[in-house]
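Report on the following structure.
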Amino acid sequence: MTVRTRFAPSPTGFLHIGGARTALFSWAYARRHGGQFILRIEDTDVARSTPEAVQAIIDGMNWLGLSHDEGPFYQMQRMDRYKEVIQQMLANGTAYYCYTSKEELDALRAKQEAKKEKPRYDGRWRPESGKQLPVIPAGIDPVVRFKNPATGIVAWHDQVKGRIEISNEELDDFIIARADGTPTYNFCVVVDDWDMGITHVIRGDDHVNNTPRQINVLAALGATVPLYAHLSMILGDDGQKLSKRHGAVSVTQYDDDGYLPEAVLNYLARLGWSHGDDELFSMEQFVQWFDLDHITASAAQFNTEKLNWLNAQYIKQADNARLLNEALKRLNGQGVDTSKAQNLDRAIGLYKERVTNLNELADALHPFCVAVHATEEVKAQHLTDAAKAALATLKEKLDAVTDWIAPNLNAAIKDTVAAHGVKMPAVAIPLRVVLLGQPQSPSIDQVLEVLGRECVMARLQAI
RNA sequence: GUCCCUAUCGUCUAGAGGCCUAGGACAAUACCCUUUCACGGUAUGAACCGGGGUUCGAAUCCCCGUGGGGACGCCA
């Protein structure tokens with residue numbers, strides 16, 4: 001049997017971190033088993049679905065590198081098929097017309113809630129042998145309801161949560177087609193999963209409650225029931241549920257924030273899934289190791305600090321040319337003139353070990369492109385008269401250096417330190433402030449070398 | 001309210017009845033490295049939600065609480 005998984009978002013917003021992890025796990029499972037990963041857009045909510053959201057989801061998946069093998073399929077383009085199945089069900093008695101109005105339904109629900117009962121359809125239009133149905137009212141377009149089994153249980157072995165069973169008595173006859181004839185979510189999913197030959201449904205655990213309904217419809221259709229794996233949700237950094245109002249951002253925001261996609265992927269893979277003590281692994285390893293047995297059943301809290309750490313690890317490993325490209329993109333985006341900069345590739349080497357994200361890397365490269373001036377506060381603190389005097393001496397000594405390489409530059413600094421009878425930081429810190437606009441940097445002699453003689457002398461001149 | 005899911009350090013997790021004096025990672029703290037800030041290294045503190053069972057033996061199995069989450073739409 002070929003494994004076929006799917007990711008089926010509704011295009012009502014961007015791809016957020018929870019959706020991304022669901023997609024990642026579905027993708028990985030298909031890849032692991034040499035199967036197919038299908039992208040399906042569930043756009044039957046016409047009012048809220050937008051083409052922009054479809055694009056945003058695809059952009060997010062592209063950034064992460066989660067490629068699909070089939071699709072995107074759009075549910076709105078499959079209307080004829082859904083209607084065909086509904087007609088079949090109406091004909092064979094597994095579905096029926098219901099003429100209850102929304103007002104009547106609201107009244108029914110209010111009554112049930114008042115009695116502290118679970119709100120549900122009472123089956124007044126459900127045909128039973130020997131039962132007298134109400135008179136069909138005039139002027140009402142009926143909905144179509146699924147005739148759910150009245151007794152027994154529906155159970156499945158969830159690949160994450162274990163055996164789950166629900167009594168059919170908990171389930172009511174849910175609507176599969178609205179009064180205007182359009183099919184509803186729980187029905188479309190079933191027809192799609194069936195038609196598309198989905199073998200493993202990997203989705204968020206907010207769908208656990210839909211699963212028994214879907215299994216019952218599948219059974220009514222005579223379709224094979226796929227395996228289900230319900231992933232727990234991801235909570236925000238503060239343990240609160242992620243929502244549009246609270247903390248949920250597009251995965252592409254992580255790009256803007258300077259994260260490498262492989263760091264986000266590694267983090268997401270590790271959030272709710274584990275392979276022993278392994279923390280840092282490539283997507284190749286992940287695909288090789290991924291299984292449904294080691295997925296955590298409970299919700300996981302997002303931890304930005306750990307993501308930051310992973311990102312730093314991936315930046316250290318990353319190719320310099322790639323990092324430079326990312327940094328330039330960011331600097332240019334800020335309007336920084338990068339055209340006159342030299343040795344930027346070497347500056348990357350100086351900083352890639354120390355930064356947490358690409359934006360920090362870009363900031364670090366900024367003074368290697370154009371002069372960056374320290375704030376008045378920093379200047380006042382570090383550029384004292386004594387410091388300026390020392391820098392004047394240093395300038396002379398640097399001027400005399402013939403071969404502009406770190407050991408020679410270091411010697412010039414040491415000479416200055418000795419001449420003024422001060423400690424190293426008394427020279428190195430003000431020097432950093434003048435050259436880079438801030439008091440911290442990598443090894444100062446390296447910085448001097450990479451900055452180049454012309455740039456260093458010009459900036460010392462400008463004190 | 002009813003139904004469903006869930007519960008190990010602050011966080012992500014390892015853990016399939018004896019390997020657990022509960023392991024790893026992030027974070028924290030201390031020290032080392034260092035001309036600064038980082039990086040890196042070393043070390044330390046930090047958890048099995050509570051109560052009952054089952055068993056020679058329970059973090060692991062069962063039950064009951066409690067906490068957390070989800071669902072109960074002509075949304076998906």
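We name chains A, B, ... by the order of the sequence lines, and we start the count at 1 in each one. Quick caveat: nothing in here was measured; it's all calculated off a predicted structure.
- The side chain of A:K116 approaches B:G1 more closely than any other nucleotide in the set B:U13, B:A76, B:G1.
- Under the 6.0 Å cut-off for aromatic ring centres, A:W125 and A:Y96 do not qualify, their centroids lying 6.0 Å or more apart.
- Straight-line distance between the C1' atoms of B:C9 and B:U44: roughly 14 Å, to the nearest whole Å.
- Among the nucleotides B:C75, B:C26, B:U6, the one closest to the side chain of A:K161 is B:U6.
- The distance from atom CZ of A:R432 to atom P of B:A38 is 12 Å, rounded to the nearest whole Å.
- Place A:I166 and A:I444 on RNA chain B by their nearest nucleotides, and A:I166 ends up nearer the 5' end.
- When the P atom is compared between B:C49 and B:U11, the two are found 12 Å apart, to the nearest whole Å.
- Proximity note for A:K316 (side chain, C-beta onward) versus B:C39, B:U6, B:A27: the nearest is B:C39.
- Judged by distance alone, with hydrogens and angles left aside, the side-chain atoms of A:H16 form a donor-acceptor pair with the main-chain N or O of A:G18 at under 3.5 Å.
- Across the protein-nucleic acid pair, A:D277 atom CG and B:G24 atom C1' stand 4 Å apart, rounded to whole Å.
- Among B:C3, B:G40, B:G24, the nucleotide with an atom closest to any side-chain atom of A:R270 is B:G24.
- Counting distance only, with no hydrogens placed and no angle test, the side-chain atoms of A:S443 and the base atoms of B:U34 include no donor-acceptor pair under 3.5 Å.
- Residue A:H230 is classed as having no contact, given no heavy-atom separation below 4.0 Å to the nucleic acid.
- Nucleotides B:U2 and B:A46 are separated by 42 Å at their P atoms, to the nearest Å.
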Report all side-chain donor-acceptor pairs from residues 374-392 of chain A shorter than 3.5 Å, counting only partners two or more places apart or in another chain.
| unit_1 | atom_1 | unit_2 | atom_2 | d |
| --- | --- | --- | --- | --- |
| A:T375 | OG1 | A:V378 | N | 3.2 |
| A:T384 | OG1 | A:A387 | N | 3.2 |

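- Considering only the side chain of A:E170, B:U2 comes nearest among B:A27, B:U2, B:C74.
- Residue A:Y185 places its side chain closer to B:A76 than to any other of B:G69, B:A76, B:G1.
- For A:A300, the listed nucleotide lying nearest its side chain is B:C12; candidates were B:C12, B:G69, B:C26.
- As judged by a 4.0 angstrom heavy-atom cut-off over every strand, A:I429 is placed among residues touching the sugar-phosphate backbone only.
- Between the side chains of A:E104 and A:S101, at least one donor-acceptor pair of N or O atoms lies under 3.5 Å.
- For the OP1/OP2 pair of B:A38 and a distance below 4.0 Å, the side-chain nitrogens and oxygens of A:S441 include no atom meeting the criterion.
- Ring-centre distance between A:F146 and A:F187: not below the 6.0 Å cut-off.
- In this model, a side-chain donor or acceptor of A:N209 finds a partner on the base of B:G70 within 3.5 Å.
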